[in-house]
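Below, read A as the first sequence line, B as the second, and so on, with proteins coming before strands; counting in each chain starts at 1.
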Amino acid sequence: MVDFPKVESNGTIKETTLGSGDKAFTIGGESAYPFHTFEGKMPHAPKLAMEVWDIAPSEWATELNVVFGDVYQDPVAWAKRCVELGADAVMLTLASTDPNGNNAPAAQAVETVKKVSKEIRSPLIVWGVENDAKDGETLRAVAEAIDDRPLVLGPVVEGNYKQVGAGAIGYKHFVVANSPIDINLAKQLNILLGNLGVKDQYVLMDPSVGGLGYGLEYTYSVMERARQAALTQGDDKLQFPLFCNVGKEVWKTKEAKTSEQQEPTWGVAKTRGIAMEAMTTVAFLLSGADLVVIRHPETLKTVRQYLAEMMQ
Amino acid sequence: MIVIAENINIMSKTIGPAMREKDPKPIQSMAVKLAENGADYLDINIGPARKGGPEMMEFVVKTVQQVVKKPLCLDTMNVEAMEAGLKAHNNQWGAPIINSIMARPERMDALFPLAQKYQSNFIALLYGPEGLPRDANERGELAATLQARTMEAGIPEDRVFYDPVVIPVNSQQQQLLGCTEFMMMLPDMAPESKSTCGLSNVSNGAPENLRDIVNQTYLCILRHYGLKSAILDSLDKRILAIAKDKNPEIDSLIGKVIDREPIDLAKLSKAEVDYVKTARLLQSETLYSDSWLEL
């Protein structure tokens, strides 16, 4: 009998339970590389969230409009649709607050969060517009307004971690620590959050995502490196579940949005974006993602099937 | 170790204007300070010097050697300025060093004839046609290219300082291992040659107040692997003390980290613990973050 070489792990990813009640789920807890259950433990299957906006998106791909167009005006109905379609969690993006767009005040966005939070029992991620200052303000207001359930707040970055972090500590919310595809900055932000007093089990790491053909390999390498340090160097500042916001990056590409009339040689438009979203998701699952945000229900189905086989 | 002072540099806020305005005072007072601190060579970095390069180099070389009896290390991409510097250099205290000859055909074609003609030393920079080498083997290949040209030119090997190209720990931490690994290969490849590096680049981008300890620690590590010389901040007296073997305690402590001997941190002073943590960082045992000393 041949003795296969095995990677010895001397660290474990922290376990984090998101949500409460029967819709709650736990992620993390790995003591081996993704799906390497012959080397260690992977106690929880990665989870999939679907994305909802607080205002109707005007530039989403046709394939997404077909599925969600009728509920774009109603974030609560949209969130419910995601749950019906099988999403483990819902991510509510407060797109209305974008200073380059509607620039809605934080207080107004908070009202939408309240409504969705009341109607949706699945774990709820509340996402900003990737503007440090505005997100700091909005997410802080959300943290304080929703005091009856834990939310997941992000993106939290070096420019606003104190503001959002302090709100999260006070009201027991989770934070998604986002860094710009840089392993060293990712570690530094985790240290800063720890110094601020955010407890380990309240932190998820978002390495920033590049979609397929748009820098996927950079994110993949950073995630791979994070897991190497976490598991083989016992680096406790990187032993956090990984969060990937895939949908947004994939569905903004021209490959996902362009019709067959415009580009007859690019293949079937109906499945092109979905295939890209599924491929990107699978690549990140293989490099350690614990929670992935996607947009299309067909992606959800495909990835679910993949996960079922991989977790056997 | 042979210390090459990096401080006479056109990027400096005091030296830069003095070089441009041909004002000898700030340059000479810096040169005297560096020599007093124990530098063996003074690097004269006039930058790309696209305009008036030869005049500037000649001026700085003569200005410095008026007050300091040291050989110089001439640092410019401008070939004409390099030649002007070699011509102006007083070799009474030793031959100058050309800084540098890259392993790129056009650079080698332009600069090997100068090294030959002026019988100077030169830094063989392991930077090739495709840019930075990615590991020790690529460094070895570039060194072999430069070595072949050195032989062709009939230049004795002991006039060559191989420079593995040190990169910042905060961006490409693991690649630093390529430098140390190359240092181990060098004695077999070119036993008579020397080695040097632009040491301070290792701490480029790290928090300003922590740059010195990174530089000092990496110097100890590279020396442990055989480095013979370094271009370094010669206003930092502690790094000079390390380079000149006046701080053997730190050196042996870092040696223990390299040899992976068990170290009881509880028995060390805060300063010693900081050296151990920094050495582990530079050896890629821990992943870089700006707060590495706090962990």
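Annotation for A:Phe4: atom CZ does not count as buried by contact number, only 12 or fewer foreign heavy atoms lying within 6.0 Å. Applying the 6.0 Å contact sphere to CE of B:Met108 captures more than 12 heavy atoms from other residues, nucleotides or ligands.
Within the 4.5 angstrom heavy-atom criterion, only side-chain atoms of A:Leu238, from C-beta onward, approach chain B.
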Across chain B and chain A, going purely by atom type as modelled, what donor-acceptor pairs are there at a distance under 3.5 Å?
{"residue": "A:Asn184", "atom": "ND2", "partner": "B:Tyr288", "partner atom": "O", "Å": "2.8"}
{"residue": "A:Lys187", "atom": "NZ", "partner": "B:Leu287", "partner atom": "O", "Å": "2.6"}
{"residue": "A:Gln188", "atom": "OE1", "partner": "B:Asp290", "partner atom": "N", "Å": "2.9"}
{"residue": "A:Gln188", "atom": "OE1", "partner": "B:Ser291", "partner atom": "N", "Å": "2.9"}
{"residue": "A:Gln188", "atom": "OE1", "partner": "B:Ser291", "partner atom": "OG", "Å": "3.2"}
{"residue": "A:Gln188", "atom": "NE2", "partner": "B:Ser291", "partner atom": "OG", "Å": "2.7"}
{"residue": "A:Arg225", "atom": "NE", "partner": "B:Gln174", "partner atom": "OE1", "Å": "3.4"}
{"residue": "A:Gln233", "atom": "NE2", "partner": "B:Ser284", "partner atom": "O", "Å": "2.8"}
{"residue": "A:Gln233", "atom": "NE2", "partner": "B:Glu285", "partner atom": "O", "Å": "3.1"}

